[in-house]
Each structure stands twice: as C-alpha cells, then as structure tokens.
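The structure appears right after this line, and notes come after that.
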Amino acid sequence: MAAFGNLLQRLSDNVDKVCRVFLLIVMAVMVTTVLGQVFFRYVLNAALSWPEELTIFLMAWMTFVGSGIALKGWEHIGITIFAGMLPENLQAALAVLVKIAVLFFAVFLTYTGVVLVQKSTHIISEALRISVVWPRLSVPVGGIIMTLHTVNLLYQNVYSLIRKGANN
C-alpha cells in the first residue's frame, strides 16, 4: 500500500514540476506580448490586433494550471477557524471529507471541460485565427491536474489515519 502512495507522490511531484516550468514560460510569453503591444501602440502608433486575445488565452492556462499547483500545496483559500475548534480526530475526518468534495469538483471540472472542448472544435478565434480548442483545453487539463493532486492528498490523509488507527 505504501508503494502505491510513493508512486502517486512521485507522479504528483513530477506533474507539479512540469506545471511550474510551463507557467514560467506562459508568464514570459505574456509579459513579452504585453510589452510588445505597448511598444507598438504607444511608440510606433500601430496597435496589433492579436496580443489581447493571446494574453486572454494564456491567462486561461495560467488559471487552471496554477490552480493545480495551488491545490497540490493545499493553498487555496479556506475557512479553518471552525475546523481548528474540533477535536483532532474530527479535524482529520473533516479534512478527508473536504478532499472528497474537492475531488468531486475536480472530476466534474474535467468532465465539463472535455464537453466544452468537444463543442469548440469548429470555432476559430477572431484575431489569432486558431481553434479555440487550444485555450479551452486548459479546463480539462487543469481538472486532471487537480484530480491527480487531490487523489494524492486524499490518499495521504486516509493512509495516515489508517496507520494512526493501527498504532492505537
């Protein structure tokens, strides 16, 4: 059972590293694009038509991939004041229940993202003239990343509860 947990942890860690590098590249492209647009608009007095659309598409990728990164560290905003008042065993059970709820959300996000992508295959963006499948693909990809990290976190919680119960 611990071998599966180690494999899941390594997979989660490796996906997180790839996501962080991906976000660095996306940020660099966004900053370059915005600065280029400012230069063209205010220095050359010739605004480009595509930078705004590209930055919106890249922002979608930043949002969903970044959400996966935040989820891995359990860094999304949460209200913990009430959970902190509970006894330790109830806090652990609540943590598992919250992660199960997040898992259902991530799976739902993945499913609806796939449906969105399937419905977008014939749509072409106005300025870039690319399929909107590419930016909309960020939704199911982000959902898959969040699902992976949530399964890992949930497995860790349940495994530690089982070990703690076995030691008592």
Is atom CG of Asn45 surrounded by more than 12 heavy atoms (other residues, nucleotides or ligands) closer than 6.0 Å?
-> no
Path from Phe4 to Val158 over hydrophobic side-chain contacts below 4.5 Å | yes
Rounded distance (nearest 0.5 Å) linking atom CZ of Phe64 with atom CD1 of Ile144 = 13.0 Å
Short question: side chain of Trp61, backbone of Trp134 - any donor-acceptor pair under 3.5 Å?
-> yes
For Met59, does the CE atom have more than 12 heavy-atom neighbours from other residues, nucleotides or ligands under 6.0 Å away?
-> no
What's the spacing between Ser12 OG and Leu7 CG if we round to 0.5 Å?
-> 11.0 Å
Side-chain heavy atoms of Tyr111 within contact of Pro140, under 4.5 Å = no
At their closest point, which heavy atom of Thr33 faces which heavy atom of Pro51, and how far apart are they?
-> CG2-CB, 3.5 Å
Are Leu161 and Leu8 in one and the same hydrophobic cluster, where Ile, Leu, Val, Met, Phe, Trp and Tyr link if side-chain heavy atoms are under 4.5 Å apart?
-> yes
Identify the heavy atoms of Glu126 and Glu53 that sit nearest to each other, and give their distance.
-> N-OE2, 3.3 Å
Using atom types as modelled and distance alone, determine if a side-chain donor or acceptor of Ser120 lies under 3.5 Å from a backbone N or O of Val132.
-> no
NZ of Lys72 to CG of Leu153: how many Å apart, nearest 0.5 Å?
-> 7.0 Å
Assess whether side chain to side chain contact (heavy atoms under 4.5 Å, CB included) is satisfied between Ile130 and Ile124, documenting all intermediate values.
-> CA-CA 5 Å; Ile130 63 169; Ile124 302 296; over 6 Å; no
Can you check whether Val117 reaches Val139 side chain to side chain, under 4.5 Å on heavy atoms?
-> no
Heavy-atom distance under 4.5 Å between the side chains of Trp74 and Val98, does that happen here?
-> yes
Shortest non-hydrogen contact from Val133 to Thr121?
-> CG2-CA, 3.7 Å
Here the gap from Ser49 atom OG to Leu54 atom CG, rounded to the nearest 0.5 Å, amounts to 11.5 Å
So which heavy atom on Ile145 is nearest to which on Cys19, and how close?
-> CD1-SG, 3.5 Å
Salt bridge (Lys or Arg N to Asp or Glu O under 4.0 Å) involving Arg41 - partner list, sequence neighbours excluded = none
Locate the shortest heavy-atom distance separating Tyr155 from Gly5; write the atom from each residue and the value.
-> CE2-CA, 3.1 Å
Salt bridge (Lys or Arg N to Asp or Glu O under 4.0 Å) filter on Glu75, not counting sequence neighbours, yields none
Under 4.0 Å between a Lys/Arg side-chain N and an Asp/Glu carboxylate O for Asp16 and Arg20?
-> yes
One should read off an interatomic distance between Arg136 CZ and Gln118 CD, to the nearest 0.5 angstrom, of 13.0 Å
Testing Arg10, Lys17, Gln9 for side chain to side chain donor-acceptor pair (under 3.5 Å) with Asp13, which one passes?
-> Gln9
Check whether any side-chain N or O of Gln37 sits under 3.5 Å from a backbone N or O of Leu48 as a donor-acceptor pair, and report yes or no.
-> yes
Are Val18 and Met62 connected, step by step, through hydrophobic side chains (Ile, Leu, Val, Met, Phe, Trp, Tyr) whose heavy atoms are closer than 4.5 Å?
-> no
Residues Leu86 and Gln91: closest non-hydrogen pair is O-NE2, 2.8 Å
Nearest-0.5 Å distance that lies between atom OG in Ser131 and atom NE2 in His122 | 9.5 Å
Please confirm whether the backbone N or O of Met146 pairs with a side-chain atom of Thr150, one donor and one acceptor, at under 3.5 Å?
-> yes
Evaluate the side-chain proximity of Leu116 to Lys119: yes if any heavy-atom separation is below 4.5 Å, no if none is.
-> no
